[in-house]
Amino acid sequence: MGWIMAISPNVPTDVRTVTVRLTVNGGELPLEIEPRVTLLDALREYAHLYGVKKGCDQGQCGACTVHVDGRRVLACLTLAAQAEGQEVTTIEGLAAEGELHPMQDAFIRHDAFQCGYCTPGQIMSAVACIAEGHAGSDADVREYMSGNLCRCGAYPHIRAAVRDVATGSAEVTAP
Amino acid sequence: MVATRSDAPRSDGSFLGRHLPRADGVTKVTGRADYALEHDPPGVVHAAVVESTIPAGRVLRIDTTTAAGMPGVLRILTHADAPSLRPCPLVPEGAVMESFLPLQDDRIHYSGQPIGLVIAETLEQATEAAHQVRVEYESRPAVADLDDPECTSVGGGAAERNGHKDAHDQDCVQSATTLPPDSERGDPRGALDASVVRVEQVYTTPRETASPLEPLGTIAEWGDDGSLTVWLPSQWVEGAHRALADWFDMSVYKVRVVSPFVGGGFGAKVTAHPDASLAAMAASVLSRPVKLALTRPQTFNGYGPRPAIRQRLALGADTGGRLQALIHAGVNETSFADEYVEGGGGTAKVMYAVPNLSTTQGVVKVNSFTPSWKRAPGEAIGAFALESAMDELAHELGMDPIELRLRNYAEQDPQTQKPWSTRRLREAYEAGARAFGWERRSPEPRSMRDGRQLIGWGMAGGAFPVVQTPAEARVTVLDDGSVEVASSGPDIGTGTYTILAQTTADVVGVPIDRVRVQLGDTSLPGAPVAGVSQIANSLTGAVSRAATAARDELVALAMDHEQSPLRTARADDLVIRDGMIAHSQGSAQVTIAELLRRVGTRTIEVTGDTLPLVR
Amino acid sequence: MREFAYVRAATVPDARQAVTGQADARFLAGGTTMVDLMKCGVEEPSTLVDITRLPGLDGIEVGPDGVRLGSLARMSDAANDPRIRGEFPVLSESLWRGASEQLRNMATIGGNLMQRTRCSYFRESSAFPACNKRDPGSGCAALDGVNRGHAVLGTSPSCIATYPGDFAVALVAFDATVIVENGDRRGIPADEFFLLPGDTPHVEHPIAPAEMILAVEVPASAALRRSHYLKVRDRESYEFATASAAVGLELEGDGRTVRDVRVALGGVATKPWRARNVEAALTGRTLDEPTVRAACALATEGAVDHGMNGFKIELAPRVAARALLTVGGFD
């Protein structure tokens, strides 16, 4: 048998959790959790990385966007166990402590948010959007940023921030 | 939270009126803004709501056996054993806050109503156990919406009149003493009948939910001394504060509500809702902090939406387009618990110089959460109906829609016959028309195209009251030369952190990066609700007063204290700029920090307010 | 979400065996349908067998004969593949016009074929117990419910749930084959991979629980090279189709006569809907706008209005016609 991993609930109550070894923002993050814990809840409720936001918890708003192995995904529809062994990056890991990623800086300069709740997801999505090559025009940015809802309606400013970084000299790659 | 920002002062030292980055910008883009559910009091456990799956009736039995035996489950609360809550008469009849309190009896008023609460060690355990609670109901026929024929059962009258064919026939509508007085001037009915040109239309709009991106939820923690600390997203911590104190029959001084960041409000977070009372009840019963995060679907039922409303507009005009009569009759849905009035007629009263007018508003009770404020309650939806009817009238008259509005321009308040303080609507029409190239508009339906799409150009106006509510703020000058500003007022994304820093920096005379603003906490000086577009004017007023007083104290210290290098100066010779107190005529100067250290005063703390003066 | 066992399979036989041995066991790929429906309480697997790390199933092969997409290829990788974008536009378009890039980065080609309807009554198990797809024999709440988004084609008295996907609409139009493994490998024509609801709306595909999709093969054709996916929806992006059309066209040497034409509809039917009657009406005819519109009017022959969705009967032929006119060069 070639099982890499097996987690079963058919065991006593107190050992239904398993150790899931996540790699988050470059550091090892072993968590004692149940298999049903999503990556979003693992990051928020177990690792207390609250920069990852829960907006809908059903794949419809993009607030929980993180990078897994450099690709933007939704943490709410990813089981934490699925991400084991992969590199997870959240807004907290986008830039070194005390520094801003060019996209974070652009969001401030373009006033690309109001309440700020969608902002970490927008920024993670935007960084990936450029790395994918999907920020070549305003229309491209509108299409490829559509997975991130902003209830305050900062869309024109978000688009401007993404285009600014995409066309600027700042080198932006998915971490 | 303390927000800081960095930006060099302009040469004239003024920060107000400048394009500045948000004071809370760095905090938000780095994910460090701590929204309500992003706290972890030691020992916190998780709660999940069991919702009613029927809209009307009562709970016969709740079988919690399976759920209670599931791993991690600590407690399941139902109406049978939940703590009693006292009503909170914050605002009468459901505006702002519903009177419904969860788990107090077996009655069911709406689908999605909380009828149980499962508390468990983890979120996953609580969520799944809530799904395993089995409920038996006694179901009753429900009233679904405004058009439900059953709605007559609450208002009395004939079902066939439910369509409200006549503005004055609202038999289906609840005739409640609590409805605001209808407004009437002249003889609207007679003038309408006598009008040469008439337009009568009914505008029905559906329920609208605020749907902030941050769902509702609460963390509640009771202290050993009987105090209660609550983290919830709030547009008005003082309101939530008062509600919790009333519900749990305690002094407001024992309740603290913390909400430094709010992930969008739009009316959903004006006060506290059932998630707050549920979390506080659970925390009380378990003596542990409880976190209750409503799911997105639960959030739709967790606060009041703008109700569905049917508005009937009747306009009468002469052939020149001058309005003779305006009848605006609205009916909105409300819950069985409260008579919330959306009040769509407010705009009609002030918008046009029409001599004969009536506005009325009724309600129909349906099985739903009590509706509430959602983004310009009343005005937004009322203006939609009124302005749509004005467009119909323009079409009927063959008149340009802007011209029609200009012909009925209200030169003074038509309700009170008093002059406007300011009203520049005419200029707005002209500027809008110019910017849009309005003269290129073709009024004929289906006559304008953009590529393969039929398009139309339209315009509309609106009116909104100016509201200012008393507020308090504290300004503290520290001996490192920095300044702290504190108020319980919120920043729901509207920029409160930034404008208060700007105001303080300008008034005191310090660089803006030396100002820290603290908001959204009932332990700070009081502030009103972030609603009706009042927070900027209410709070900057209070901060300006406090900052002015702080500045005056600095000047007094500089003039009077024997350790001050400026002690011989007169007050009007002193300027404070860029953190430096200087003699305007001479070279003597001292930094704020240096002065406070020299005089041995560690801080200057002043509270300012915009409360009415007591004479 | 119910508790479940999570296993990560290393080989296809391991994965299939794990599902065979367990009641209510399910394969887990990108999770965008499965995890979502587990939160809704619609899917309650006892075991999830994570197949995302099975080797060799994520290939994207483009050759003169057509395209072969491994079942674990991500939607985004297939959509963004420059060869697919350039040579077989409908395949790329029907992929990138679905969901969002985040979801497309997660969702796999095989999982895309297994996605389930977005019918609110199907998803809301607690408030709406009646759903023949979720609970056979319990009834259909959508028949008399809010059914603006529901199907007008291929419906039955048991179910009117719309097939929500886009990509499979293209697959059905261009005679793709779904390769599945159940000990033996077999190919299932895409059109047959999706079943009409009939009396058994809970049976959506002609495969066994332990049968695994390995790949999708789309044969090259002139029509596939001159193809287009038009998706009309309530908002411009990140939304399911209200009505959509996957079309392709091959003209005779005269540049006017239709040699081969493909039309399939999405958003309006209970399965990806091949409109063969439209194709038959156009084949051999001279391509012009009246001919296209008249032929496309046949697309919703036999369609049923359930109260709120009747507009789709008018909309779908227009969408098909506009897509055909676009590839025909009439725009």
Side-chain angles (χ1 to χ4, degrees), chain A residues 1-11 13 16 18 20 34-41 56-62 64-86 121 124-125 128-129 132-134 139 142-149, chain C residues 1-15 17-18 22 28-40 44-55 74 76-77 79-80 82 96-107 111 118 123 235-240:
Chain A
M1 292 291 282
W3 304 126
I4 297 170
M5 175 188 190
I7 302 170
S8 169
N10 302 317
V11 287
T13 302
R16 288 185 202 215
V18 294
V20 174
E34 293 185 279
R36 59 182 166 177
V37 176
T38 62
L39 181 59
L40 174 59
D41 288 329
C56 72
D57 207 27
Q58 49 186 243
Q60 296 181 16
C61 79
C64 67
T65 300
V66 297
H67 297 177
V68 173
D69 282 351
R71 303 171 70 133
R72 50 173 161 162
V73 300
L74 300 181
C76 72
L77 294 183
T78 303
L79 296 177
Q82 284 181 285
E84 193 167 46
Q86 298 175 319
M124 297 309 287
S125 200
C129 182
E132 291 157 7
H134 286 145
R142 272 196 293 269
E143 173 61 39
Y144 284 92
M145 287 296 289
S146 72
N148 294 80
L149 304 190
Chain C
M1 208 185 281
R2 221 173 70 167
E3 286 180 277
F4 55 84
Y6 171 88
V7 296
R8 195 180 293 147
T11 68
V12 172
D14 283 352
Q17 191 190 346
Q22 295 266 359
L28 174 68
T32 57
T33 290
M34 180 60 71
V35 177
D36 181 34
L37 289 179
M38 287 165 70
K39 290 183 182 187
C40 294
E44 296 193 321
S46 58
T47 302
L48 278 185
V49 180
D50 183 350
I51 59 171
T52 52
R53 301 192 193 189
L54 296 180
R74 305 288 165 166
S76 55
D77 286 336
N80 297 333
W96 71 254
R97 289 191 190 277
S100 68
E101 192 71 357
Q102 289 98 311
L103 287 162
R104 294 189 293 267
N105 276 339
M106 303 166 70
R118 306 298 293 194
R123 291 170 59 82
R235 67 179 174 197
E236 181 61 26
S237 182
Y238 196 19
E239 181 60 278
F240 294 91

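Here is how names work: the chains are called A, B, and so on, in the same order as the sequence lines, proteins then strands, and each is numbered from 1.
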Where do A:R36 and C:M1 come nearest, in terms of heavy atoms and distance? NH1-O, 2.7 Å

Can you tell me which portion of C:D50 sits under 4.5 Å from chain A's heavy atoms? Options are side chain, backbone, both or neither. side chain

Check: A:D57 main-chain N/O paired with C:K39 side-chain donor or acceptor under 3.5 Å: yes

Chain A heavy atoms under 4.5 Å from C:R2: which part of the residue, side chain, backbone, both or neither? backbone

Cationic N near anionic O, under 4.0 Å, C:E236 to A:R142: no

A:D69 CG to C:N105 CG distance, which is reported to the nearest 0.5 Å: 11.5 Å

Which atom pair, heavy atoms only, marks the closest approach of C:Y6 to A:P35? CB-CB, 3.8 Å

If you tally heavy-atom pairs under 4.5 Å against chain A, which of C:T52, C:L28, C:T47 wins? C:L28

Testing the basics here: between C:Q102 and A:S125, what is the closest heavy-atom pair and its distance to 0.1 Å? NE2-OG, 3.2 Å

Of A:T78, A:L79, A:L74, which meets side chain to side chain contact (heavy atoms under 4.5 Å, CB included) against C:V35? A:L79

Euclidean distance, A:M145 CE relative to C:Y238 OH, rounded to 0.5 Å: 12.0 Å

Just how far is it from atom OG of C:S100 to atom CZ of A:R72, taken to the nearest 0.5 Å? 7.5 Å

Could you tell me which of A:C76, A:C129, A:G62, A:G133 has the largest number of non-hydrogen atom pairs under 4.5 Å with chain C? A:C76

List the steps, then state whether side-chain contact (heavy atoms from CB on, under 4.5 Å) holds for A:L77 with C:L103. CA-CA 9 Å; A:L77 294 183; C:L103 287 162; 4.0 Å; yes

Closest non-hydrogen contact found for C:R53 with A:Q82 is NH2-O, 2.7 Å

dist C:E3:CD -> A:E34:CD (nearest 0.5 Å) comes out at 5.0 Å

What one should report as the nearest heavy-atom pair of C:S237 and A:S146 is OG-OG, 2.6 Å

Could you tell me which portion of A:E132 (side chain, backbone, both or neither) has an atom closer than 4.5 angstrom to a non-hydrogen atom of chain C? side chain

Checking C:A107 against chain A: side chain, backbone, both or neither under 4.5 Å from a heavy atom? neither

Considering all heavy atoms, the nearest C:S76-A:R71 contact: OG-NH2, 2.8 Å

